[in-house]
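Chain letters run A, B, ... following the sequence lines, proteins first and then strands; every chain starts at 1.
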Amino acid sequence: MLNNTQIRYCLDEMGKLFPEAHCELNHSNPFELVVAVVLSAQCTDALVNKVTKNLFQKYKKPEDFIAVPLSELENDIRSIGLYRNKAKNIQKLSQIILEKYNGMVPNDRDLLTELPGVGRKTANVVVSVAYGVPAIAVDTHVERVSKRLGICRWKDSVLEVEKTLMRRIPEDEWSITHHRMIFFGRYHCKAQSPKCEVCPLLLLCREGKKRMKAAGKK
DNA sequence: AACTCGGGGCA
DNA sequence: TGCCCAGAGTT
């Protein structure tokens, strides 16, 4: 397992590789961010951004989303995977935000998690990106990178990964950390073809050393 | 813990 | 063609 100094080194190197790391989802306003993140589950972000942009040409506020039949909203996001669940969730979530929160997206993680289609990861993105609340959103990239490097254990749950990161990284770096790890995971430490041979973290990466050793034997 | 939803992108 | 993708809800 890596110590805190080694973790700091890893994050610095990720920052050098991807100095432009940022939230790629459209977040001009909190409500649009919620919709974008709900749509983003199991989809590529480029596609989500395209669809979200088109969506908000037509729909502006929560009341606009519940003013149309479900089938129409489904059709508007048809090019995104899991679109039936997502359309239903966006309508329900729009209604709750409108009725319970007077049209304003709550800035509380627990309240956000009560919304349909919003889990812990989505709630963390929303409070962190839209409201500047310190949080680490653990998605598949953050989880994979943390486990490969040895920041946490392989068997750890997503929540345990998040807790470990929060415990071992200074609070004022949480936000930039999850964006760095997402970029690093997506473009460098890829799920299927990690670039171990050109990785600055190879010498302290548990999985990287194992992979390079296995590749050398072949 | 495993299963399901799911069209588009990419090799 | 086959496989994967900024997850969440249900069983």
Side-chain angles (χ1 to χ4, degrees), chain A residues 11 14 17-18 20-28 30-56 70-97 105 109-131 133 135-148 153-162 165 174-195:
Chain A
L11 294 174
M14 290 179 201
L17 276 177
F18 300 101
E20 76 286 12
H22 64 287
C23 181
E24 292 192 300
L25 297 172
N26 196 339
H27 54 277
S28 53
F31 180 64
E32 185 166 340
L33 181 65
V34 172
V35 173
V37 184
V38 168
L39 286 176
S40 75
Q42 294 298 103
C43 286
T44 55
D45 55 318
L47 179 61
V48 171
N49 273 332
K50 195 177 116 189
V51 171
T52 306
K53 197 176 171 185
N54 290 335
L55 204 59
F56 275 81
L70 180 58
S71 57
E72 184 173 340
L73 183 56
E74 284 181 351
N75 192 57
D76 288 333
I77 64 170
R78 184 168 24 90
S79 59
I80 293 222
L82 314 179
Y83 66 96
R84 278 187 279 261
N85 288 339
K86 291 173 182 176
K88 197 191 317 171
N89 286 334
I90 288 171
Q91 272 202 336
K92 282 189 188 170
L93 148 176
S94 296
Q95 183 148 13
I96 296 173
I97 288 177
V105 177
R109 196 171 23 214
D110 296 327
L111 294 180
L112 284 166
T113 309
E114 292 175 6
L115 299 173
V118 178
R120 189 171 184 85
K121 181 260 171 180
T122 301
N124 277 336
V125 171
V126 173
V127 293
S128 146
V129 175
Y131 295 118
V133 176
I136 300 178
V138 178
D139 65 355
T140 55
H141 295 309
V142 175
E143 181 179 2
R144 180 179 67 255
V145 169
S146 299
K147 291 183 176 181
R148 278 182 176 168
R153 286 179 254 273
W154 276 110
K155 61 177 182 180
D156 283 348
S157 67
V158 173
L159 187 57
E160 287 169 330
V161 175
E162 183 186 328
L165 292 171
W174 289 355
S175 177
I176 184 62
T177 291
H178 87 241
H179 291 125
R180 279 182 181 171
M181 293 183 80
I182 286 169
F183 271 67
F184 181 72
R186 183 134 72 85
Y187 298 114
H188 194 92
C189 192
K190 298 191 272 189
Q192 303 305 318
S193 52
K195 301 181 179 180

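Using a 4.0 Å cut-off between a side-chain N of Lys or Arg and a carboxylate O of Asp or Glu, A/R78 and A/E74 do not qualify as a salt bridge.
The backbone N or O of A/L17 lies less than 3.5 Å from no partner atom in the side chain of A/R180, so there is not a single donor-acceptor pair.
In this structure, the side chains of A/L39 and A/I90 come closer than 4.5 Å at one or more pairs of heavy atoms. Using a 4.5 Å cut-off on side-chain heavy atoms (C-beta onward), A/E72 and A/N75 make no contact. For the pair A/K121 and A/V37, the minimum side-chain heavy-atom distance is below 4.5 Å.
Straight-line distance from the NZ atom of A/K50 to the C1' atom of B/dG9: 11 Å, rounded to whole Å. Rounded to an integer number of Å, the gap from A/D76 CG to B/dG7 C1' is 16 Å. Rounded to whole angstrom, the span from the CZ atom of A/R84 across to the P atom of B/dC5 amounts to 9 Å.
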When you look at A/H188 and A/F183, which way does the ring pair (Phe, Tyr, Trp, His ring centres under 6.0 Å) test go after all the steps? CA-CA 8 Å; A/H188 194 92; A/F183 271 67; over 10 Å; no
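Between the C1' atoms of B/dG9 and C/dA8, the separation comes to 23 Å (whole Å). Remark: the separation of the P atoms in C/dG9 and B/dG8 is 24 Å, to the nearest Å. Across the P atoms, B/dT4 and C/dA6 are found 22 Å apart, a figure rounded to whole Å. One P atom belongs to C/dC4, the other to B/dC3, and the distance between them is 15 Å to the nearest Å.
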Could you run through nucleotides 3-11 of chain C and give me one letter per nucleotide, 5' to 3': B if any protein heavy atom sits under 4.0 Å from the base, S if only the sugar-phosphate is that close, - if neither? -SBBBSS--
